[in-house]
Amino acid sequence: MPELPEVQTVVNQIKSDLLNETVESITPIWPKVFHNFTSEKAKQKIRGGQIIDVSRRAKFIIIRFAESIIAIHLRMTGKLYLLQENQALSKYATAYFTLKNKKKLIFDDVRKFGRIYLYKNIGPIDKRHGPEPLENDFTSESLFKLIKSKKRNIKALLLDQSMIAGLGNIYADESLWKSKIHPNSLSHKVPKKKIENLHKNIKIILTNAIEQNGTTIIDFSVNGESGKYTNELKIYGRHNLECFRCDNPIKKIRVAGRGTYICSKCQKKYK
DNA sequence: AGGCGTTCCTGGGGGC
DNA sequence: TGCCCCCAGGAACGCC
């Protein structure tokens, strides 16, 4: 399930192949994949189609043109990769971009949750997302203020994209475990020291995960190797195995509607 | 305000 | 072996 590190990995993989190339058309295979535009509208808005930049904001891949952007959200099973001219489309391709150099950028998505958006600029996405956890404006103090201002389940808060951008189920569980905070804690009851530690750990975990090309649970990259952070996971997916810190068996519970892995012995519940 | 259920989707796993 | 049911979950939305 692509979260910040996986989306960043995709951007890192495709960026050099796309920069300064020209998009001639964007074609839907499955009709609902375009959230707010049509092929014709895209052609008109991308104005010649030269790609100026490829980047990430939250869990979106942003392809920037002179006067518009295309934003791609992979959701659960989306993949984005380049194909040579004569290579066959995958069975699960839901859309493709045709480049002037005859390569195709494929959006492949088994579960069809992924969507492509067309905007004038990044504004609409910025508006509904919190800070980037790896940017300088995500400080220990800003996280503390945010967490204290809500009386809310801490895991639900970490997953809320309007609070902090980019964390998903895996990295929320990993961050909470490393910080010894039970995911069912109430945000405003978590002590300041623990939040300072959580802030530090979110940065460390995401940075390490990007260095390892993310976590492969569902294989999100086609050309590249699988994400090696899978080997670094300390809690996610380890139910019935022993906690790395205290040997207590890890349990799987449900928090905020998600499968959640916890060590009930060393993750403290603040209520 | 925030929690919770529902929807969108399909492959895969468990149970029988 | 085969079939059915349910589960996985990011985000939006409606309801309480």
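Only this structure's heavy atoms are used, side chains among them; waters, hydrogens and symmetry mates stay out. Numbers restart at 1 for each chain; the letters A, B, ... are given by sequence-line order, proteins then strands.
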> A:K112 side chain N/O closer than 4.0 Å to the phosphate oxygens (OP1, OP2) of B:dT10?
Replying inline: yes
> Expressed in angstrom and rounded to an integer, what is the separation of A:I72 atom CD1 from C:dA11 atom C1'?
Replying inline: 17 Å
>> Is A:R115 close enough to C:dA11 that one of its side-chain N or O atoms is under 4.0 Å from OP1 or OP2 there?
In response: no
>> Whole angstroms only, please: what is the NE2-P distance between A:H35 and B:dT7?
In response: 18 Å
> So what does A:R75 touch, heavy atoms closer than 4.0 Å: a base, only the sugar-phosphate, or nothing?
Replying inline: base
> Between A:W177 and A:F244, how do the two ring planes meet: parallel, tilted or perpendicular, split at 30° and 60°?
Replying inline: perpendicular
> When we call it a touch if two heavy atoms are under 4.0 Å apart, what does A:K155 touch: a base, just sugar-phosphate, or nothing?
Replying inline: nothing
>> Regarding A:G259, tell me which of base, sugar-phosphate or nothing describes its non-hydrogen contacts under 4.0 Å with the strands shown.
In response: sugar-phosphate
> Roughly how many Å is it from NZ in A:K271 to C1' in B:dG3, rounded to a whole number?
Replying inline: 12 Å
>> So if I take every side-chain heavy atom of A:R258 and compare against C:dA12, B:dG11, C:dA11, which nucleotide ends up nearest?
In response: C:dA11
>> Between C1' on B:dC4 and CZ on A:R152, what's the gap in Å once rounded to a whole number?
In response: 12 Å
>> Output the rounded distance in Å from CD1 (A:I164) to P (C:dG10).
In response: 15 Å
>> Strictly below 4.0 Å: does A:H73 bring a side-chain N or O up to OP1 or OP2 of C:dG10?
In response: no
>> Classify A:D109 by what it touches in the nucleic acid, base, sugar-phosphate, or nothing, heavy-atom distance under 4.0 Å.
In response: nothing
>> Aromatic contact between A:H182 and A:Y270, with the criterion being ring centroids under 6.0 Å apart: yes or no?
In response: no
> Which nucleotide sits closest to the side chain of A:W30: B:dG11, B:dC9, C:dA11?
Replying inline: B:dC9
>> What verdict does the salt bridge (Lys or Arg N to Asp or Glu O under 4.0 Å) test give for A:D247 and A:K265, after you've listed the backbone C-alpha separation in whole Å, the side-chain angles of each residue and the deciding distance to 0.1 Å?
In response: CA-CA 9 Å; A:D247 296 345; A:K265 196 170 165 190; over 6 Å; no
>> Can you tell me if A:F113 is stacked onto the base of C:dA11, using a 5.5 Å centroid cut-off and an angle below 30°?
In response: no
> Whole-Å distance between B:dC9 P and A:I29 CD1?
Replying inline: 16 Å
> So does A:K151 get a side-chain nitrogen or oxygen closer than 4.0 Å to the phosphate oxygens (OP1/OP2) of B:dA1?
Replying inline: no
> When you check the phosphate oxygens OP1 and OP2 of C:dC13, does a side-chain N or O of A:R128 lie under 4.0 Å from one of them?
Replying inline: no
> Contact class for A:Q161 (heavy atom, under 4.0 Å): base, sugar-phosphate, or nothing?
Replying inline: sugar-phosphate
>> Distance alone, cut at 3.5 Å: any donor-acceptor contact between the side chains of A:D109 and A:T94?
In response: no
> Rounded to whole angstroms, how far apart are CG on A:L4 and P on C:dG10?
Replying inline: 13 Å
>> For A:K91 and A:D108: C-alpha separation, side-chain torsions, deciding distance, then whether salt bridge (Lys or Arg N to Asp or Glu O under 4.0 Å) applies.
In response: CA-CA 8 Å; A:K91 178 181 172 186; A:D108 194 313; over 6 Å; no
>> Using every non-hydrogen atom in the two residues, find where A:K59 and A:V7 come nearest and quote the distance to one decimal.
In response: O-CG2, 3.6 Å
> Between A:Y92 and B:dC9, is there a side-chain N or O to OP1/OP2 distance below 4.0 Å?
Replying inline: no
>> Tell me the interatomic distance from A:H239, atom NE2, to C:dA8, atom P, rounded to whole angstroms.
In response: 10 Å
>> As a test of reading the structure: which of B:dC9, C:dG10, B:dG11 is closest to the side chain of A:N169, going by heavy atoms?
In response: C:dG10
> Does A:K59 make a side-chain N or O approach to OP1 or OP2 of C:dA11 shorter than 4.0 Å?
Replying inline: yes
